[in-house]
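Both backbone and side-chain heavy atoms feed into the values below; hydrogens, waters and symmetry mates do not.
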Amino acid sequence: MQLHLSHADVGTAAYYSPPYTPQLPSSNHFAAAGESIWDNGASCGRQYLVWCTSAIASGICIHNQTVEVRIVDYAPSSSSRPSSDDTTIVLSTTAFDVIGKFAAAVNVEYQQYVHFLTLIGYL
């Protein structure tokens, strides 16, 4: 059982390529947080659902695809340079490839993803 939040925020997503330095999920679906979601480091470890909404040209967004990523780093201090600066979230190349292709950055909607079992601890 899972609970999804119904509110989504909008922003931009870019990607960054290896080498990646922090401990990473085996799926390679992870991201670095941009300033707007970093929250003084509180976002580290959070999971987000991200999907592409638009891009500078047609055919870049892979519609009806959502990727779940875990925040593992802070984008401005990441050792890997993002494909576009000042983005909301910087996805690993593996995660970016799920939602978009052939672009430095895309417009996205994203929401924090909360597992139902995580919430039981708060009840």
>> Working to the nearest 0.5 angstrom, can you tell me the gap between Y48 OH and I89 CD1?
In response: 7.0 Å

> In Å, rounded to the nearest 0.5 Å, how long is the span from NZ of K101 to CD1 of I62?
Replying inline: 5.5 Å

> For the residue pair A105 and S84, what are the closest heavy atoms and their distance?
Replying inline: CB-CB, 3.7 Å

>> Nearest 0.5 angstrom please: F102 CZ to D97 CG, how far?
In response: 9.0 Å

> When rounded to the nearest 0.5 angstrom, what is the spacing between SG in C44 and CG in D73?
Replying inline: 7.5 Å

> Residues two or more places apart in sequence or in another chain: which of them pass side chain to side chain donor-acceptor pair (under 3.5 Å) with Y74?
Replying inline: E35

> With distance as the sole test, does T66 use its side chain to make a donor-acceptor pair with the main-chain N or O of W51 at under 3.5 Å?
Replying inline: no

> Residues in side chain to side chain donor-acceptor pair (under 3.5 Å) with D86, at least two apart?
Replying inline: none

> Can you name the side-chain contact (heavy atoms from CB on, under 4.5 Å) partners of A75, sequence neighbours left out?
Replying inline: A32, V90

> Under the side-chain contact (heavy atoms from CB on, under 4.5 Å) test, which residues partner D85, sequence neighbours left out?
Replying inline: R81, P82

>> For a 4.5 angstrom cut-off between non-hydrogen side-chain atoms, does V106 reach I60?
In response: yes

>> By the salt bridge (Lys or Arg N to Asp or Glu O under 4.0 Å) test, which pairs, at least two apart or in different chains, include something from residues 42-59?
In response: D39-R46

>> I need the minimum non-hydrogen distance between G11 and T88, along with the two atoms involved.
In response: CA-OG1, 3.3 Å

> Of the non-hydrogen atoms in T94 and N28, which two are nearest, and what is the gap between them?
Replying inline: CB-O, 3.6 Å

> So, do D9 and E109 sit near enough that their side-chain heavy atoms are less than 4.5 Å apart?
Replying inline: no

>> Please verify the inter-ring angle class for Y15 with F96; under 30° counts as parallel, over 60° as perpendicular, anything in between as tilted.
In response: tilted

>> Checking the side chain of T53 only, and the main-chain atoms of N107 only, is there a donor and an acceptor separated by less than 3.5 Å?
In response: yes

>> As an exercise, state the distance from CD1 of I37 to OG of S43, rounded to the nearest 0.5 Å.
In response: 5.5 Å

>> Count I, L, V, M, F, W, Y as connected when their side-chain heavy atoms are under 4.5 Å apart, and connections chain through other members. Are Y110 and V69 then in the same cluster?
In response: yes

>> Run the side chain to side chain donor-acceptor pair (under 3.5 Å) test against Q65 and tell me which residues pass, sequence neighbours left out.
In response: none

> If only atom types and distance count, is the side chain of R70 paired as donor or acceptor with the main-chain N or O of G45 below 3.5 Å?
Replying inline: yes

>> Give me the atom names and distance for the closest heavy-atom approach of Y16 to A31.
In response: OH-C, 3.9 Å

> When rounded to the nearest 0.5 angstrom, what is the spacing between CG in L49 and OH in Y113?
Replying inline: 6.5 Å

> For the residue pair C61 and A55, what are the closest heavy atoms and their distance?
Replying inline: SG-N, 4.1 Å

>> Using every non-hydrogen atom in the two residues, find where L91 and I99 come nearest and quote the distance to one decimal.
In response: CD1-CD1, 3.8 Å

